There are 2 protein chains.
Amino acid sequence: MGYYIGCDVGGTNIRAAIVNSDSGDSFDLTVQPTNAHEGHEMVLARMAALFEELIANSNLRRDQIQGIGIGIPGKVDVKNGITNFITNLPGHWINVPVAGTIQRLMGIPTYILNDVRSITWGELKFGAGRNCSSMVLYAIGTGIGGGIVINNKLLLGNSGQAGEVGHMTIVPDGILCNCGNRGCLEQYASGPAIRSAAIKAVAHGATTILGEMVDFDLNRITPHTVYEAAISGDRIAKDIYYQAGRYLGIAIGNSIVHIEPERVVIGGGVAEAGELLFAPVREELKRIATLAPIENIELVPAELGNNAGVIGVSMWAKHNVMAE
Amino acid sequence: MGYYIGCDVGGTNIRAAIVNSDSGDSFDLTVQPTNAHEGHEMVLARMAALFEELIANSNLRRDQIQGIGIGIPGKVDVKNGITNFITNLPGHWINVPVAGTIQRLMGIPTYILNDVRSITWGELKFGAGRNCSSMVLYAIGTGIGGGIVINNKLLLGNSGQAGEVGHMTIVPDGILCNCGNRGCLEQYASGPAIRSAAIKAVAHGATTILGEMVDFDLNRITPHTVYEAAISGDRIAKDIYYQAGRYLGIAIGNSIVHIEPERVVIGGGVAEAGELLFAPVREELKRIATLAPIENIELVPAELGNNAGVIGVSMWAKHNVMAE
């Protein structure tokens, strides 16, 4: 039996739990606000306190916790356990030795990993990626992140950035992305992209119930509003998901011509739209059918939901502890 | 010392040589017409005769040849040594047991591999990919093929189609490709794409020397004509390479967000245009600089030229012989 702590640092919340690495079961999952503006020292100290609390509240001895994994939203130096560049966290998170600091405070081997690569590893071990050796994961939410597994190994790339599928260019000279590039997938299929397409449609006077649904307070439109409109039959809302799905399909096709994985896993809040998004993806993928036998590539929704990161990064800690 | 036969089957010619697998030196390189229309049985029989001739003309004993590798232009079942789908070869090349047939005729272990994956393996072992463990190769000629190496391993994918970067969609609803998809890179940066852009420019009355260069017999325009016009200062010709390079840069950027390799190798006839093509690629790659430290990713021309396939697939045979 091996127990590991998994911790997922998000822009809003920190989620942490002890994970049984044999079953993938997590227990005592605790959520607390990140409050990143307090600065990384304070946040790291609070994280260590949270981990101590998790251990104290469990019926495990401290020495039964074999490692700690921390999922970070941004670019991280996996080897040295240092953050390079963090998205959406105020408080100077560049070049912070997260792994070293937590390891010193806790006395337990600690590893860090990008948050979506953590989700990927979690889905591989205990979710939608079980029993497959190569997969590409798309996590579609506020941004679009990704992760790639080849021969049961997480692909990290030169500097940990392999799998950043959300920043694939799918429209030359397209919409400007926060990353500085133009035409990134993230600008066409993320939650904000869906929201923005909906606001535009209402503002342009399209025939849709979207405006009424938010009493014409357009800022209140969310991807979920669009989803609800779509399943109630609103054509504009359906079309917004259809367009997002088409771009997502183009991107997934591009992933397939690179990797030709056994499985493509789609997760994140936006993916909860299910067939509204999956149907146009499948349709788009038919276009590359002469090239790769796409009927052999499974397109499946993620399974672990909000816990994927916590579970995944705890398993990443195990992977590293075992390798040492 | 290990000697292997490498053979590259092309639409026009079959090239074969004995390769010293320690040095990568090939000798007695022989080229003969493919004449694919004679049918695969005839072609395979001629190939075996050619291999016998290579051995007889060498000062090697037959038992010193440890394996045979055959590079095939199309989709192949690497594991079973069978062709799935061959591009540009008349004569029923579907489901042909190429490896088994040659192995039976020759009595030497035989392996097959896609032609551009063969080039990739050759460049990795003895060319532009030396001393690197992860690379993406683009071979830009009549078509655009590719190959991916991760952790010193050739990425094959589910059915051998991983690395088909020429069929990445870079323009949604773009030009129809032979593969059935729309907007494939191959339609924007291959030799025929460059040629077709040049013919269009002349036909539209653009101010260019391209027409005169072929006495206005526009069918005679080749990518090399455009290259010569460009280096002599023709703005239209330069722009044609610039546009091709931009699309190539978008595609390479997409490969980088997937793989983040140490090196990107560009080969094939079109790549001989050098800076005309490389400069816009580099410019385009700057756009993803915040995402991946592209200054750490080397962009280099292929080194092995026409022999890359022969050398590569002979080394692929070695790789398989050694693994068994």
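Quick caveat, the model's predicted, so the values are computed rather than measured. Residue numbers begin at 1 in each chain, while the letters A, B, ... track the order of the sequences. All values below come from the heavy atoms of this structure, side chains included, with hydrogens, waters and symmetry mates left out.
Using a 4.5 Å heavy-atom threshold, the side chains of A:N254 and B:T169 count as touching. Side-chain contact between A:L155 and B:I150: present, with at least one pair of heavy atoms (C-beta onward) separated by less than 4.5 Å. Two residues are said to be in side-chain contact when any heavy atoms from C-beta on lie closer than 4.5 Å; A:I259 and B:I259 meet this criterion. Between B:M168 and A:I256, every side-chain heavy-atom pair lies at or beyond the 4.5 Å cut-off. A heavy-atom distance below 4.5 Å is not found between the side chains of B:C179 and A:I288.
Rounding to the nearest 0.5 Å gives a distance of 9.5 Å between SG of B:C184 and CZ of A:R287.
Within a 6.0 Å sphere centred on CZ of B:R282, heavy atoms belonging to other residues, nucleotides or ligands number more than 12.
The minimum heavy-atom distance between A:K75 and B:L291, with the atom names listed, is CD-O, 4.0 Å.
Within the 4.5 angstrom heavy-atom criterion, only side-chain atoms of A:Y247, from C-beta onward, approach chain B. The parts of A:R182 that come within reach of chain B are both its backbone and its side chain, each placing non-hydrogen atoms under 4.5 angstrom from that chain. With a threshold of 4.5 angstrom between heavy atoms, B:P261 approaches chain A through N, CA, C or O but not through any side-chain atom.
When the candidates A:A292, A:G160, A:P172, A:G146 are compared by the number of heavy-atom contacts under 4.5 Å with chain B, A:P172 comes out ahead. Most heavy-atom pairs under 4.5 Å with chain A, from the set B:N181, B:I148, B:I250, B:V165: that is B:N181. Counting heavy-atom pairs under 4.5 Å between each of A:G157, A:A162, A:A251, A:A289 and chain B puts A:A162 at the top. The candidate with the highest count of non-hydrogen atom pairs below 4.5 Å against chain A, out of B:E262, B:K286, B:H258, is B:H258. Chain A forms the most heavy-atom pairs under 4.5 Å with one residue out of B:S159, B:G183, B:P293, B:G74, and that residue is B:S159. Taking chain B as the reference chain and counting heavy-atom pairs below 4.5 Å, the highest number among A:S133, A:G253, A:G180, A:G163 is found for A:G163.
At distances below 3.5 Å, at least one donor-acceptor pair connects side-chain atoms of B:E260 with backbone N or O atoms of A:Q161.
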